[in-house]
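Protein chains get the first letters and strands the later ones, always in sequence-line order, with residue 1 at the start of each. Since we're looking at a predicted model, the values are computed, not measured.
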2 protein chains.
Amino acid sequence: MSTYYCQSMSEKLTRILNAATTCIARSGVRGMRVNDVAAEAGVSPGLLYYHFTDRAGLLAATLEHINKQVSKDDAVLSSLGAEDRSRHVRHLLLDEIKDDADVRRNSVAWNELRACSIFEQELAEPLSRTTAEWNIEIAHAIVAASEGTSEDEASVTAEILTSLVEGISGRWLSGFITTDHARHLLTTAIDSLTTTRPTTRQEPAAQGRGK
Amino acid sequence: MSTYYCQSMSEKLTRILNAATTCIARSGVRGMRVNDVAAEAGVSPGLLYYHFTDRAGLLAATLEHINKQVSKDDAVLSSLGAEDRSRHVRHLLLDEIKDDADVRRNSVAWNELRACSIFEQELAEPLSRTTAEWNIEIAHAIVAASEGTSEDEASVTAEILTSLVEGISGRWLSGFITTDHARHLLTTAIDSLTTTRPTTRQEPAAQGRGK
DNA sequence: CGTACTTGACTGAAAATTCAGTCAGGATTA
DNA sequence: TAATCCTGACTGAATTTTCAGTCAAGTACG
């Protein structure tokens, strides 16, 4: 019902994009069947070709849609106390792994897209952009949390942590480890990697990593 | 010539399994075409169905084959000096990411299998077994390298590191980061995670940790 | 009326799977 | 020894299945 075509996005469009995301989460990018998406969205297959010219178009639109979902979680980091800032990094990362249908759905889709991008480089570009943004976000949070950390160091740490989230997510999603265990591993790693980064005492004979 | 069926594995069987691995590395599990595997192996499509009942059977056998390839890299850790032991962990992990056709091929195939196991749980079981073995191997190496580390701690660290390898591999394989950068990230993380963690040993009030 | 939107049966190409048949070489018999 | 039968790995053309993509025919709204 209703027709706001030009305006934002008709309800059916949204339904289709959500259906596609669900299908991708259910059986992967390569397992996504156009007919299944149509059925899931409760529309006819032809409609998908009317709006998105072909399967690739639907996929591209869905990718963008997922990207938007994922990156809209950007949080406001200003107006946080020192204690909170330290916890900010942790929350930002831990939020990617929890027992929440939407989080899991997006995570599966994201995981799939990354796996597919190895074989189809047209997927790689938007993906790498979003990944880079994520890294920057985390790096900022790290700098904000501990003042002794340089931008470069924070950047490397952020890359490590976001990669780790993806690695742990893989095992979590395939049911090899529980949500709690995944979060435990992540927490441990965050603690270890974000404290005493540079030449802070600790081992005396530390190799001079300060760069 | 000759018929050693019972013995080890006929040459054609091996050829088929290797061909399948190559095809998977080239275009993914879902992109693997039975006819392409046959062509790659230089046999007829029918032979694949003669040996493995169907596509799924071929896939399962190939998974096992890849698993074997991957886990046969188990190294001997005895007879290493203290210095070498410390380096052992590093090598064990860094060997997963390097500019070598075979390493990359196996890595791509492994990555694919992990991604697919999210959707097809029959793939998950052998995969999780191999992953567990890998964790144990790394955990042993960690314990051997630093005596103050408990089994439990080493186990957690190993899980973090192997997850990290998988996460970094994903970005490396899709061309988002270079081999050198991937190795740099991994090295940094290993150093940070394997140098005496404060928590257990009662280091004299060394915990300047924010928390 | 016309324009935007929607349908679902249909098409064709690509891929999986089948199957009737070939062939090499090992056993059995005389 | 040789003639015969058997077995089972192997072939590749034929068949079946699966899907992305098309299209003629609506519906609803202005």
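Position along DNA chain C of the nearest nucleotide to A:N35 versus A:V43 favours A:V43 as the more 5'-ward residue. For the pair B:P45 and A:R30, nearest-nucleotide mapping onto DNA chain D gives the more 5' position to B:P45.
Under 4.0 Å is where a charged nitrogen must lie from a carboxylate oxygen, and between B:R171 and A:E166 at least one such pair does.
As rounded to whole Å, 16 Å separates atom C1' of D:dA13 from atom CG of B:L47. In this entry the distance linking CZ of B:F52 with P of D:dC10 reads 11 Å, nearest Å. Across the protein-nucleic acid pair, B:R33 atom CZ and C:dT17 atom C1' stand 14 Å apart, rounded to whole Å. Atom CG of B:L13 is separated from atom C1' of D:dC10 by 12 Å (rounded to the nearest Å). Between the CD1 atom of A:I16 and the P atom of C:dC5 there is a distance of 12 Å, rounded to whole Å. Distance B:L48 CG to D:dT11 C1': 12 Å, rounded to the nearest Å. Regarding A:Y50, its OH atom lies at a distance of 17 Å from the C1' atom of C:dG8, rounded to whole Å. Nucleotide C:dA16 holds its C1' atom 12 Å from the CG atom of B:D36, rounded to whole Å.
The shortest distance between the side-chain N/O atoms of A:H51 and the OP1/OP2 oxygens of C:dT6 is below 4.0 Å. Between A:K12 and C:dC5, a side-chain N or O to OP1/OP2 separation shorter than 4.0 Å is absent. A:R55 has no side-chain polar atom (N or O) that falls below the 4.0 Å cut-off from OP1 or OP2 of D:dG21.
Of the candidates C:dT6, D:dA20, C:dA16, the closest approach to any side-chain atom of A:Y49 belongs to D:dA20. The side chain of A:S44 approaches C:dT7 more closely than any other nucleotide in the set C:dT7, C:dA4, D:dG21.
Counting only N and O atoms by type, the side chains of A:R33 and A:S27 include no donor and acceptor under 3.5 Å apart. Between the side chains of A:E96 and A:W110, no donor-acceptor pair of N or O atoms lies under 3.5 Å.
No cation-pi contact links A:R183 to A:W172, judged by a cut-off of 6.0 Å to the six-membered ring centre and 45° from its axis. Stacking of B:R129 on the aromatic ring of B:W134 is not recorded, the 6.0 Å distance cut-off and the 45° axial limit not both being met.
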